[in-house]
Novice: 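Pasting a structure below so you can have a look.
In this text the structure is predicted, and so the values were computed from the model without any measurement. Numbers for residues simply follow the sequence, beginning at 1.
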Amino acid sequence: PVGDDGGVSVSAGRSFYDVLGFDDAQYTLWPRFYDYLGRYDQVLARGGHHLAVTGFGAGDAYSRYLGDTAVLNPLERDTGGQFSYDRAFHALSLRLDSSLDGAQLRSSAALVRDRWSGAAGSASQELLEHYVWLRHDALIGDPEGRLRLAVGGQLKQEWLGLASDLDRSVPELDAEAPLFSRGLLVDEAAQRVQAGLYAEPRIDLGSFRIQPGLRVDVDGRVGAAVDPRLTLRYEPLDQLKLRAAAGRYSQAPQLRELSPVVGDPSLGFGHADQVAGGVDWALAGRMELGVDAWAKRVVDAVAQEPGQAPEAVSGQAWGVELTTRYRMRELFFAWASFSFGRAMRDDAPFDFDQPYALNLVASWDFRPHWNVGVRYRFAKGLPYTPALGGRYEGDTDSYEMMPGPVNSARLPDYQKLDVHLERAIELRRWTVTGYLEGWFVPPASNGMYVVYSYDYSQSALVSGPVFFPIVGARLDL
């Protein structure tokens, strides 16, 4: 606390495997990551106003051999070079909430910097993005009345710099260094302005609520999109809730996807026409059951295959999710979900197509000031486009990857088990909470990406650590 009406909170974390010097055949610098968040809250003296200032960010870095060290001889490994990855994201945001007679207002502003760099031998790539984001939302009307109106708008100014001096394509680096994946020389800067407005009447008819809506987005590079939407909610019983929604959702391409060198300036808005429905049912005040189903048709969504220019594709997706929650007073909580569905385009899966996923979470306060928690996830592996082989290029004395059918291979099914134990110690003015956490990923499930021999005749899967420990502490005044 700061004074009578203010407060400060700070958190930070950093991995430590690289500090301890773990050996690995694939990594020359073990992956290291960090994140932080600091926040200041203040209730203003005039009352009815709440100011929040937040700074947050995260970073990730590592170095690895470009090829598979298991099939490369020492000469190939050394001449093939290393790839170094470094990405850092930092943001500062301000938010002001105000409560007036008949209206609730929220104004927000943010400054963001995202730097994404990579290096392979003497070549380097860098994507540097800055943007300023402004948003204002208002909810107008009597909270006890039948009609309220939600309106708002946002404005974003974005600046982008692209630079790469690698003149050969390395498609397998598509996710880590997209400019290296294309293998094109680029040094350019771009900017754009985006704006959006929305209006959503909220009509409350007792147990039935109707929320029609309309959103208009304008992009200085690709034009405008108009999205109508409708949401319905019905509560026939206190323990039973039904909901349904339909509408269009539009998204402009990323600014780098519009680059005349590594992108396609003719790309426009992508659209998804979506319908969804769901049921929530509470049993005996302790258990909740939920079923959600959705389907959508995707038109002109941007997709990019390794080593290729981005393109507009169409497809469809559908899914069903089953959830359940159980709470026993304040001592025990459990949550489970199972989802299944598909996301397909032109008879090939989208990049994040995941036919099924299972999540289990439990938390138990087994003694005063003690808590133990468990989380388990099992999911189908994500798809990727494999290499069929390599084509020799005499001009560069190197091999170019010949890609196979789009997303025709998958990473292994993913499993992860997390165990969390914490102990709170109450002092006169402080509460100190220490915690231990362990992440376990079975060896058959921790595949991260595929690497190839110099001529793409052999491949191997690079795996992450099987066990990852976390130690932390939290201080509360």
Side-chain angles (χ1 to χ4, degrees), residues 24-27 31 62 64-73 76-77 80-83 85 118 120 125 166 168-184 257 262 298 301-317 341-357 378-393 396 398-415 441-464:
D24 185 87
Q26 190 68 41
Y27 288 97
Y62 57 82
R64 67 175 179 86
Y65 290 108
L66 280 172
D68 176 18
T69 57
V71 300
L72 294 176
N73 62 46
E76 293 170 343
R77 186 183 68 178
Q82 300 178 25
F83 170 71
Y85 172 92
Q125 74 131 57
L166 184 66
R168 67 181 182 88
S169 173
V170 189
E172 60 267 34
L173 289 178
D174 180 66
E176 302 162 278
L179 300 183
F180 281 174
S181 174
R182 295 296 312 280
L184 299 175
E257 293 171 337
V262 298
V298 180
V302 177
Q304 185 170 7
E305 294 309 311
Q308 305 297 316
E311 60 178 341
V313 301
S314 298
Q316 58 283 326
R342 296 305 307 268
M344 303 292 293
R345 62 174 178 92
D346 301 328
D347 297 324
F350 275 104
D351 290 346
F352 296 99
D353 172 66
Q354 205 163 48
Y356 51 81
F378 176 81
K380 183 69 174 177
L382 293 174
Y384 69 93
T385 300
L388 293 182
R391 180 179 59 250
Y392 179 71
E393 297 289 342
T396 60
S398 62
Y399 283 82
E400 296 287 337
M401 171 179 162
M402 295 189 299
V406 174
N407 286 342
S408 57
R410 285 187 180 270
L411 295 174
D413 290 351
Y414 180 75
Q415 294 187 75
V441 181
S445 301
N446 63 350
M448 297 189 298
Y449 52 84
V450 177
V451 292
Y452 297 92
S453 60
Y454 72 99
D455 60 355
Y456 295 95
S457 63
Q458 300 181 71
S459 65
L461 185 67
V462 174
S463 299

Novice: Quick one: sort the Y62 and Y85 rings into parallel, tilted or perpendicular, breaks at 30° and 60°.
Specialist: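 Rings of Y62 and Y85: parallel, as their planes differ by under 30°.
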Novice: So D353 and N407, side-chain hydrogen bond (donor to acceptor under 3.5 Å, both in side chains) or not? Walk me through it.
Specialist: CA-CA 10 Å; D353 172 66; N407 286 342; over 6 Å; no
Novice: Would you say R64 and Q82 make side-chain contact, with heavy atoms under 4.5 Å?
Specialist: no
Novice: Has the side chain of Q125 got a donor or acceptor atom that lies under 3.5 Å from a matching backbone atom of L179?
Specialist: yes
Novice: For a 4.5 angstrom cut-off between non-hydrogen side-chain atoms, does L184 reach L166?
Specialist: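 SC-SC contact between L184 and L166 ruled out.
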Novice: Which pair of heavy atoms, one from R345 and one from V313, lies closest together, and at what distance?
Specialist: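 Taking R345 first and V313 second, the nearest heavy atoms are CD-CG2, 3.5 Å.
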Novice: Any side-chain heavy-atom pair from Q316 and M344 closer than 4.5 angstrom?
Specialist: yes
Novice: Using a 4.5 Å cut-off on heavy atoms from C-beta on, say whether the side chain of L382 contacts that of Q354.
Specialist: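 Result yes, sub-4.5 Å side-chain heavy-atom pair found.
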Novice: Evaluate the side-chain proximity of S408 to T385: yes if any heavy-atom separation is below 4.5 Å, no if none is.
Specialist: no
Novice: With a 4.5 Å heavy-atom cut-off, do S314 and V298 have their side chains touching?
Specialist: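 Counting from C-beta outward, S314 and V298 never come under 4.5 Å.
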Novice: Could you state the interatomic distance from CG (D455) to OH (Y392), rounded to the nearest 0.5 Å?
Specialist: 12.0 Å
Novice: Looking at Q415 and S445, what are the two nearest heavy atoms and their distance?
Specialist: N-CB, 3.4 Å
Novice: side-chain contact (heavy atoms from CB on, under 4.5 Å) for F180 and F83? Distances and angles first, verdict last.
Specialist: CA-CA 10 Å; F180 281 174; F83 170 71; 4.1 Å; yes
Novice: What heavy-atom pair brings P355 and K380 nearest, and what distance separates the two atoms?
Specialist: CD-CG, 3.6 Å
Novice: Could you check whether Y456 and Y399 have their ring centres less than 6.0 Å apart?
Specialist: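 Ring-ring flag for Y399/Y456: false, centres at least 6.0 Å apart.
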Novice: Holding to side chain to side chain donor-acceptor pair (under 3.5 Å), I want the full list of residues that pass it with D413, two or more places apart in sequence or in another chain.
Specialist: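 Partners of D413 by the side chain to side chain donor-acceptor pair (under 3.5 Å) criterion, ordered by chain and then number, come out as Y356.
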Novice: Please round to the nearest 0.5 Å and tell me the distance separating atom CG of L173 and atom OH of Y449.
Specialist: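 So the CG of L173 and the OH of Y449 are separated by 9.0 Å.
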Novice: Just wondering, do P349 and R342 contact through their side chains at under 4.5 Å, heavy atoms?
Specialist: yes
Novice: For R182, is there an ion pair with E257 - N to carboxylate O distance below 4.0 angstrom?
Specialist: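 Salt bridge absent between E257 and R182.
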Novice: Would you mind reporting whether E176 and S181 have side-chain heavy atoms less than 4.5 Å apart?
Specialist: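 With C-beta onward as the side chain, the pair stays apart.
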